[in-house]
Each structure stands twice: as structure tokens, then as C-alpha cells.
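Notes follow the structure.
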Amino acid sequence: MSAAAEATGAEVVDLAVTPLRELNQRLHAVARDGGPAHWRIVNPNGAHAVAAGLDAEIEVEVDGHVGYYCAGMNKLATVRVHGNASTGLAENIMSGRVLVHGNASQSAAATGRGGLVVVHGDASARCGISMKGVDIVVRGSVGHLSAFMAQTGRLVVCGDAGDALGDSIYEARLYVRGDVGSLGADCIQKELRDEHRAELAKLLAAAGLDHDPAGFRRYGSARRLYHFAAGNSAAY
Amino acid sequence: MCGIVGLFTKSTEIEESLGRHLGTMLEQMSDRGPDSAGVAVYRDPAPSGSSKLTLFSADPLQDWEALGGELGQTFGGLPEPEVRSSHAVFVVEAEAHDADAWVRQTHPELRVMSAGQTIEIYKETGRPEEFVRRFALEDFHGTHALGHTRMATESKVTTEGSHPFSTGLDLCLVHNGSLSNHNRLREKLRREGIDFQTENDTEVAAGYLAWRLREGASLEEALEGCFDDLDGFYTFLVGTIDGFAVLRDPIACKPAVLAETDDWVAMGSEWRAISVLPGASEARAWEPAPGIVYAWERQKV
């Protein structure tokens, strides 16, 4: 264990001196060979693919702003970013948790299959695009086309949602506390029943938030778009 | 892909080191645009009644001194070229418009990269790191500057096809994205008397802005007109004599980050470009929302 790690209890990697590829190889090696359970990454300075492809129950703290695809394809690990995240945060996350204390740029948690992504600031356009099972909690607002073609999983927005929310949505469930700019094709408001309030309360608690679930509205698919309608067969 | 950077100074210290910071920012965007690079620097205003031209020659043996002599004979004075690689800057004792028109008419083999009171545009093919050295960016001080690294998609990799593009006196444009209606719009603008030198889509956007401004639109009106008249993807950074403006199309596929401290305002395609500036880690940073014009201007004296 390095001297820096002893002082903080975490393995410290400084991206100002350590090449990104070396960092990620060391993080990947934990899944295979074991290694430190706590990591602290400093000076990311917007580097791409920081802590991408993790596959072990480790905790990774990142001090600063990260670039594209941070914590992409994450499995099992908890990645916490103390800064902003660029395009494609936690893209295709499989499990584990990814938390950003600042803002996330477009396509956060895109295509995510499981796990939890929490953004404490705002997430911009296309948050949760094509999500397939991931849970996303955004404490601030999300941009346009969020949850586009969202298949399964839950998206919770404590602030506002931009235009075309849930366009062409399948079976993902969307909860928004603030205003929705507009709903996308086939996305409608739905009744917020007890089971929804219960699952929302769990998601908010998992994200460390204490909003009242009753203050949210639920949106989902009208299921008019994705079924093939035999009556329309002449149009194909 | 392409990378965009912009730096607007709010302190003398940053003004004096503008070129060095600009070069570092540009190098950070090298992966996004490895085939060409360019900058527009606003500095050393020409004296009243005079103007500045930045000219490009493809001829490595170009006799800039002789051109200075011709400019002197035509407009008076003794314009001395300030040569940087394939470009030269002249301060001419004439209105920018007249000096610009004279060069286009008399020396069609040259390209007027920029004309105005303070703007200088330099651009070339090749790696951005090489551009930064070749054009000695670290020499530049100035009030604000824009830069671009290009990954060509719509047209050839040439000096003329590199960014920034001049959109009129002291105005320029850099672009990340691609426009799909540029051919038809170019024809329309040609009929309006706008001159085009390439088949490049961004040059059409620059021509569009030049046309709207010529017809009396304010910069903001001209930029907002892009939402209706340009079809495609774009993050634009527009340089003016007083500052710069950022605009993203409503779909906003192309990235942009803005950041501000007491000493500077910076724009970059990615945080990487801004992270190299002094005090960046404490800067207020945010993503410009689509469909909104963000502008910074120096207070007019």
C-alpha cells in the first residue's frame, strides 16, 4: 500500500502522472486478482473512460470533472464523482452504483441494464436513452429527449424534464416532480398508485433523498406505438 | 467530430498570456480534430482610419514585402508584413472593406483570411500541436480568441476548408457539426452576392451570418435565424470585435462546456480543453442549453 493510501485508507491514483490506461488496468485487475477495496482518483481533468469497465465490489471516488463514458459498463462497483461528468456517464451500466455530485452531460446511463445512477445536479439531454433496467435518480432537472425508447427501469427526476420526455417509450416508469416541457410520442401521464409511491420511496431513499413521493407524477407508455396493429398492415 | 475552444479575458494577466493558453486548449482538442487547426485572435487594434488584413498564400516563396509595397502605393504608408508561416498580417491605411476588396481583385491567388480592426485568423492543415508551434501561438496577447481543430466530414482537408471562417469585418465562426442544406443555401446566398471559396458547409453558415448582418440583423438575430434556416447539427462559436457568442442547435448532439472565473470565460467542446486554464478547478462550469444564444462582450469604451 502506498504512503498516500495509508493516510486516507484508499489507494490514490493521480491522473496527472498516471496514464489512464494504467489506472483502468489496475482497477480491472481487482476482479481477477483482488486488490484495494477503496480507490481515490485525483486530477481527472476531463479524461475519458475514467473507471470504465469495472467488475468488482470496490468503491472508487473521483475528485474533479470527468470526460466521456465515466464508469461505463459498470458492474458491482460504486463510483462516486465529486465534480461534473461529460457525455455517456455510466453508459450500459450492468449493476453497482454511479453517483455524480455535480451535473451530468447528455446520455447519462444510456442503455443501462441494471444498477443505480444518481446525479445530484442536473442531467442534460437524452438522460436514460434506451434504458433497459437501470434505475436513475436525478436531483435536479433533465434535458430534452430523456428516456427516449426507454425499455425497462425507472427514471426519477426531482426537478423538471425537458421536451419530448419518454418519446417512443416501452415499459420504463418515469417519475417527475417538477414540470415536463412536453411528452414524446406515446408517453402519457399515469395514475400514481400506492405501489408506485412505495417503489419511488425506495428509489429516493437509495439515492439519499427525502422528497415526498406524493409530490411526483408518473409517466409511461400508452402502448399504442410499439404494438404492430394488423389494421395498419397496408401501410407497411 | 471537431473541437472548439474559446477564451475571453477578464484580467490583464490572461490578456498577456492569451496565446499560450489558447495553444494549450487547442492541443487538448487534438484528438477531436487531428487534420487541421485554426485560431482567430483579437489583439492590437489598427489605428483609426487603418485596418488589418490577414492573408494566406499557398506559395512558400510568396514575396510579402513586395505586396506591402503595393499596398503602400495604393493606400499610402509603408505596410510591413508580420509573417507567420503561410500567413501575413498587414496594417493598411484604408477602410477594411476597401483593402479587402483590393486584395481579392488584384491578387486572386491570395486568400483574405480576415479583415477588420483587431481580428487575425490563422489556419492550416496538419496536427493541432504542430499548428501551435508553427504559428508561435505563445506570442499572442489579446482580449479574446477562438480556436478549432478539424475532423473533416463534409468537404476536403485544405487550408481554406479549415476554421475559423470570416463572416465579415472582425467577425468569425467556428463550427462543430455538419449541415445538410448547405448546397441549396450556398446557391441562394451566391444570388445575394455572398462570395464562397470552398464547398465547405461551415463556410455557408459563415456566409449566412454575413448576409443577415449585411441586411441589418443584429448578431443575436442573425444567430437565432440559424434555427430556422440551417438544417443539421451545430455548436457554433462566433467571434466579434467585443467578445464571443455560443449557440447550439435544438437537438444538441454536439457538445459544449462553458466555464467562468474572475479572470476569464472559456468555451470548449469538452472539459479537457478548459481544465488546463489557471483556476479551472474552481471555475463555475455548465453546459449551454440548446437553442439559446450565450454571449459575452467587453464593455464598450
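Being a predicted model, the structure only gives us computed values, none of them experimental.
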> So with a 6.0 Å cut-off around CZ of B:Phe233, is the heavy-atom count from everything else above 12?
Replying inline: no
> Does any heavy atom of chain A fall under 4.5 Å from the side chain of B:Ile274, the backbone, both, or neither of them?
Replying inline: neither
> Do you know the tightest heavy-atom contact between A:Asn45 and B:Ser275?
Replying inline: O-OG, 3.5 Å
> Which one of A:Ser107, A:Ser124, A:Gly67, A:Gly102 has the most heavy-atom pairs closer than 4.5 Å to chain B?
Replying inline: A:Ser124
>> Distance check, rounded to the nearest 0.5 Å: A:Gln106 atom CD versus B:Lys254 atom NZ?
In response: 9.5 Å
> Between atom CG of A:Asn103 and atom CH2 of B:Trp286, what is the distance when rounded to the nearest 0.5 Å?
Replying inline: 11.5 Å
> What is the minimum heavy-atom distance between A:Tyr68 and B:Pro255, and which atoms define it?
Replying inline: OH-CG, 3.3 Å
> When heavy-atom pairs shorter than 4.5 Å are enumerated against chain B, which of A:Gly121, A:Ala47, A:Ser105, A:Ala125 gives the highest number?
Replying inline: A:Ser105
>> To check you understand the geometry: which heavy-atom pair defines the closest contact between A:His144 and B:Ala252, and what is its length?
In response: CE1-CB, 4.0 Å
> Rounded to the nearest 0.5 Å, how far does NE2 of A:His48 lie from CG of B:Asp31?
Replying inline: 8.0 Å
>> With a 4.5 Å cut-off on side-chain heavy atoms, are B:Cys253 and A:Arg126 touching?
In response: yes
> What part of B:Pro250 lies closer than 4.5 angstrom to a heavy atom of chain A: side chain, backbone, both or neither?
Replying inline: backbone
>> Nearest 0.5 Å, please: how far is OG in A:Ser86 from CD in B:Glu287?
In response: 8.0 Å
